[in-house]
Amino acid sequence: MLNVSVYRYHPEQDQKPYMQDFQVDTGGKDLMVLDVLFLLKEQDSTLTFRRSCREGVCGSDGMNINGVNGLACITPLSDCVNNGKLVLRPLPALPVIRDLVIDMEQFYQNYERIKPFLQNDKPAPAIERLQSPEERAKLDGLYECILCACCSTACPSFWWNPDKFVGPSGLLQAYRFLADSRDTATEERLAELDDPFSVFRCHGIMNCVNVCPKGLNPTKAIGHIRNMLLSRGT
Amino acid sequence: MSKNRPVNLDLRTIKQPLPAIVSISHRITGVMLFIGLIFMFILFDMSLSGAEGFASAETIMQENFLAKFIAWGLLVSLSFHLFAGLKHLVQDFGYGEELSSANVAAKVVIVATVVTALLAGYWVW
Amino acid sequence: MVRAVTSFGRSGLYDWLMQRVSAVVLTLYTLFIVAYIIANPQLTYAQWSGLFDITAMRIFSLMALLSLGAHVWIGLWSVSTDYIKPMGIRFVFQLLTGAAMFAYTVWGIQLLWGL
Amino acid sequence: MGYPVVVGAIAMSEALRKMSFEAIVIGGGGAGMRAALQLTESGLKTACITKVFPTRSHTVSAQGGITCAIASHDPNDDWRWHMYDTVKGSDYIGDQDAIEYMCSVGPQAVFELDHMGLPFSRFENGRIYQRPFGGQSKEFGEGGQAARTCAAADRTGHALLHALYQGNLKGGTTFLNEWYAVDLVGNDDGDVVGVVAICIETGETVYIEAKATVLATGGAGRIYQSTTNAHINTGDGIGMALRMGLPVQDMEMWQFHPTGIAGAGTLVTEGCRGEGGYLINKDGERFMERYAPNAKDLAGRDVVARSMVMEILEGRGCGEKGDHVFLKLDHLGEEVLESRLPGICELSRTFAHADPVVEPIPVVPTCHYMMGGLPTNIGGQVLYPESESESRVVGGLYACGEVACVSVHGANRLGGNSLLDLVVFGRACGLQIEKSLSEGFESKVATQANLDKAMARLHKLNSSEGGESISAVREELQKIMQLYFGVFREGESMQKGLQLLRDLKSKIDNLHLRDKSGAFNTDRIEALELQNLYEVAFATAVAAEERKESRGAHARNDFTERDDENWLKHSIYYPQDERIGKRDVNFKPATLDAFPPKVRTY
């Protein structure tokens with residue numbers, strides 16, 4: 001039997017969120033946290049959470065699992081449970097719609113703010129734009145982001161200034177386009193980021209790297225952006 | 001849309017890795033040093049105000065426990081703030097941007113501060 | 001682009017750069033003073049005031065003083081924009097920080113050149 | 001609190017809020033977003049309605065790549081060779097006009113993706129990397145294995161979906177994210193004039209009116225217990241169409257992917273075998289050499305899946321229970337695995353507790369793709385087949401991607417063709433709508449009675465006082481499908497399965513929605529999805545029982561041979577009388593002679 005404590009909040013019924021305790025029979029198996037949630041939903045069908053691919057590539061089921069942000073579908077109990085207890089809370093700092101479901105609007109806005117699409121002022125050729133394997137290799141560790149928000153909601157700088165600091169995910173994406181040899185809007189992109197908040201609120205504490213379910217390193221990407229700003233500004 | 005939505009930000013429930021703790025401590029020691037500036041400036045002023053002032057500054061630092069403790073506290077804060085700052089500089093040059101090295105760097109800052117705190121204590125007393 | 005009128009430099013980059021440069025100056029200055037005091041356990045007033053009589057030392061001290069002003073301002077401005085959300089209180093805090101650092105700088109200059 | 005309370009339980013006659021667009025796309029996956037992008041760029045007022053944030057759609061899970069003759073790996077590659085492979089792969093019931101269109105337009109569609117920013121892997125000369133996939137040949141099957149699948153490592157679907165979302169952000173498409181389409185609204189002429197949808201966040205039900213409605217709702221792999229499909233793949237588009245009385249085509253054709261991770265169901269791309277991996281049985285034998293001496297592990301998916309099941313049934317399976325085989329990759333070396341197949345290494349370590357660098361991955365054929373769907377023409381217009389040779393266009397309704405059956409996959413889809421299908425026909429759909437609307441397509445506005453009809457199912461569910469548990473019924477359905485309609489099928493057992501499904505119908509109609517609240521009510525969505533799953537499952541069962549031959553993915557123990565005389569046809573399931581009709585396969589490509597049916601060997 002596994003003791004599970006889940007953050008509950010229903011906007012139509014609850015004034016305030018509360019923690020609800022469950023007991024789940026895992027059958028002694030090392031289930032994924034998402035499997036546990038399905039078992040909980042069989043007990044109480046009102047329990048609400050997002051899920052889709054269940055294999056860690058869609059980014060739906062980011063949540064705070066025993067104090068650490070992660071994807072429920074690829075977090076096995078053996079990785080997160082201590083003292084036989086599992087505590088599930090929504091991702092921090094963003095408004096809770098219901099139970100484990102948060103309103104990700106601010107997170108998406110920050111993504112959109114960095115103009116997350118390829119910009120190239122030259123007319124497109126009849127075939128693809130050529131790119132050497134070395135140039136392409138620069139995008140590794142960047143393009144794999146799944147927008148699950150685990151990183152940004154683990155970042156204190158994002159907590160305090162979610163509307164001004166772009167956050168690790170957005171900045172990783174910003175660098176993904178800065179680093180793309182096919183993108184020509186480098187100057188415009190950098191100009192948009194050169195203020196005291198957007199990039200420079202990162203203090204390199206690497207909470208983002210610590211929780212990224214895809215093993216990406218936004219801190220490093222932010223460092224690259226800073227260096228680009230540096231060589232542009234000095 | 002309702003603005004009354006709760007936010008999950010109970011800091012007691014969120015685990016913070018070592019580099020994060022070092023970072024917030026960096027800030028706290030910074031604020032402490034800012035507050036301690038008044039103490040440093042008064043002492044500095046005193047020491048340069050003349051032979052008499054220099055002597056009384058010396059006396060205070062040799063005999064007043066509170067002054068010693070403040071001085072020690074500021075030295076500890078200063079060393080932590082300095083080491084953590086150096087860590088930042090090193091990181092700015094692209095080193096220690098991996099999780100493992102960042103953890104090591106955070107540990108180095110803490111160990112260096114503890115060592116300095118002991119030395120500073122020995123020195124002040 | 002986030003506009004913030006009260007930042008120190010012209011941009012996030014300059015604030016950041018200033019913070020680093022001032023940190024380096026302050027580090028060197030601190031190490032020097034600490035080393036000097038340790039190296040001279042029987043320090044006298046004459047020695048001490050003599051040290052600050054040297055022009056190079058005065059320039060070094062002035063650099064440290066200005067670095068301190070910039071370093072503290074940028075640091076505390078950043079702290080205030082993180083943790084103090086009501087604009088009025090934040091503004092008062094920033095005002096006080098600025099005033100304090102201005103006062104310390106004037107005080108320091110007076111000390112150095114008023115000998 | 002500002003929340004409309006229990007809006008889901010809106011009274012039948014109460015007026016629904018109405019939103020109007022010129023075109024709506026239901027589904028925010030690859031096909032839906034490609035269609036939405038085309039429509040937005042053409043200046044039509046368009047909305048993309050999607051039950052999950054677009055990048056959470058199942059396209060994100062596609063791994064190996066997008067097959068297309070862009071002549072990068074081989075400068076002499078020809079889209080006609082790709083067409084030949086696809087026709088052969090389909091076991092000759094793919095429509096050759098549609099396959100011709102897909103293969104010839106494909107390169108343009110792929111280059112557009114590159115221009116949109118898709119981070120394809122590259123060759124030294126800077127062109128897009130292509131890898132070999134199953135069923136690929138040169139010179140119309142005479143020139144050996146081809147390498148035609150364009151890839152972004154093993155995360156092509158993810159890269160493609162994100163690039164399309166980014167393209168839509170750039171283009172300014174309106175997204176209704178986390179809105180769930182309940183049922184289509186048909187007018188008195190039988191034209192589709194929009195959809196009734198729930199805003200999941202608030203629970204508000206809205207009539208979204210449109211001159212053109214595109215179904216891009218993807219597949220329904222969740223009808224099976226073991227599937228590579230996401231939880232969201234519940235066949236909502238098929239369900240909506242069937243409830244409107246529209247027929248569906250080739251629903252018996254379900255692809256079982258050879259390499260789903262045993263137990264977990266997660267997909268392991270065919271690209272693994274393209275890169276040189278191969279399957280072994282418990283004796284360590286590379287058994288595909290026996291079943292497909294030429295193509296070996298890169299035979300068609302149906303062939304490989306069946307061979308694997310044969311090995312398991314004949315006692316050469318691996319593991320304690322002998323219920324799976326192994327996919328061996330370690331001989332490729334860590335460098336190749338980490339650069340070409342990084343995602344697979346990740347998935348295998350997480351779900352199979354096996355590190356491919358040193359040990360093989362336990363795999364088993366797993367439900368993967370629905371070849372059937374709504375019959376459409378090349379422009380994505382949904383067709384109503386009235387006889388074997390005659391069809392009429394259903395006014396205002398379009399379909400593209402997995403929910404559609406154009407049909408480019410016939411009885412078996414080739415790896416990498418689904419991503420090509422969705423960009424080519426998503427785009428084609430947009431182009432066709434632009435054309436139709438500019439020609440002045442008009443339809444009668446929906447009456448209250450039309451809307452009441454579309455609301456009936458939701459209303460019934462919202463007023464349910466008691467009844468069946470949603471999760472229990474879903475499990476029952478999935479078990480039936482898994483047991484009676486799997487890789488190998490047989491008449492008698494299918495009849496039994498069909499009977500069980502008929503028995504299940506009363507439960508499906510009597511689901512108990514315990515949670516009647518508005519805000520983010522996933523219980524309600526899951527109930528609605530389950531009813532769609534049932535519609536898909538039932539159509540599948542009827543069609544599978546009726547097609548008395550073995551063709552492509554449809555393998556029967558009681559009819560082991562392909563029967564071109566009677567079944568070189570599409571099957572059409574008509575929901576009104578639960579009857580199967582036949583429809584002619586298109587053998588009239590525009591620019592070359594049709595490929596005639598041949599014996600299909602690899």
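Chain naming here is simple, since letters A, B, ... match the order of the sequence lines and numbering starts at 1 in each. Bear in mind that the values here come from a model prediction, so they are computed numbers and not experimental data.
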*Asks:* Give, as side chain, backbone, both or neither, the part of Ile33(C) having an atom under 4.5 angstrom from any heavy atom of chain B.
*Replies:* neither
*Asks:* Looking only at non-hydrogen atoms, find the nearest pair between Gly69(C) and Met101(C) and report the distance.
*Replies:* CA-CE, 3.8 Å
*Asks:* Backbone N or O of Phe41(B) within a donor-acceptor pair of the Asp45(B) side chain at under 3.5 Å?
*Replies:* no
*Asks:* Should we count OH of Tyr95(B) as having more than 12 external heavy atoms under 6.0 Å?
*Replies:* no
*Asks:* A quick test of your reading: do over 12 heavy atoms of other residues, nucleotides or ligands sit less than 6.0 Å from OH of Tyr83(C)?
*Replies:* yes
*Asks:* Checking Ala100(C) against chain B: side chain, backbone, both or neither under 4.5 Å from a heavy atom?
*Replies:* side chain
*Asks:* Go through Phe44(B), Trp123(B), Phe54(B) and name the one with the most non-hydrogen pairs under 4.5 angstrom from chain C.
*Replies:* Phe54(B)
*Asks:* Closest approach of Trp72(B) and Ala120(B), non-hydrogen atoms and distance?
*Replies:* CD1-C, 3.7 Å
*Asks:* Of all of Val79(C), Val72(C), Thr30(C), which one pairs up most often with chain B through heavy atoms under 4.5 Å apart?
*Replies:* Val79(C)
*Asks:* Which region of Ile24(B), side chain (C-beta onward) or backbone (N, CA, C, O), has a non-hydrogen atom less than 4.5 Å from a non-hydrogen atom of chain C, or is it both or neither?
*Replies:* side chain
*Asks:* So among Ile84(C), Leu76(C), Thr81(C), which one has a side chain to side chain contact (heavy atoms under 4.5 Å, CB included) with Gln94(C)?
*Replies:* Thr81(C)
*Asks:* Answer with side chain, backbone, both or neither: which region of Leu78(B) has an atom nearer than 4.5 Å to a non-hydrogen atom of chain C?
*Replies:* side chain
*Asks:* Counting heavy-atom pairs under 4.5 Å with chain C, which one of Ala55(B), Gly50(B), Gly85(B) comes out on top?
*Replies:* Gly50(B)
*Asks:* Select one option (side chain, backbone, both, neither) describing which atoms of Leu43(C) are under 4.5 Å from chain B's heavy atoms.
*Replies:* both
*Asks:* Measure distances from Leu37(B) to the heavy atoms of chain C and classify the residue's part below 4.5 Å as side chain, backbone, both or neither.
*Replies:* both
*Asks:* Check the angle between the aromatic planes of Phe60(C) and Tyr29(C) and answer parallel, tilted or perpendicular using the 30° and 60° thresholds.
*Replies:* perpendicular
*Asks:* Most heavy-atom pairs under 4.5 angstrom with chain B, which of Thr44(C), Leu26(C), Val24(C)?
*Replies:* Thr44(C)
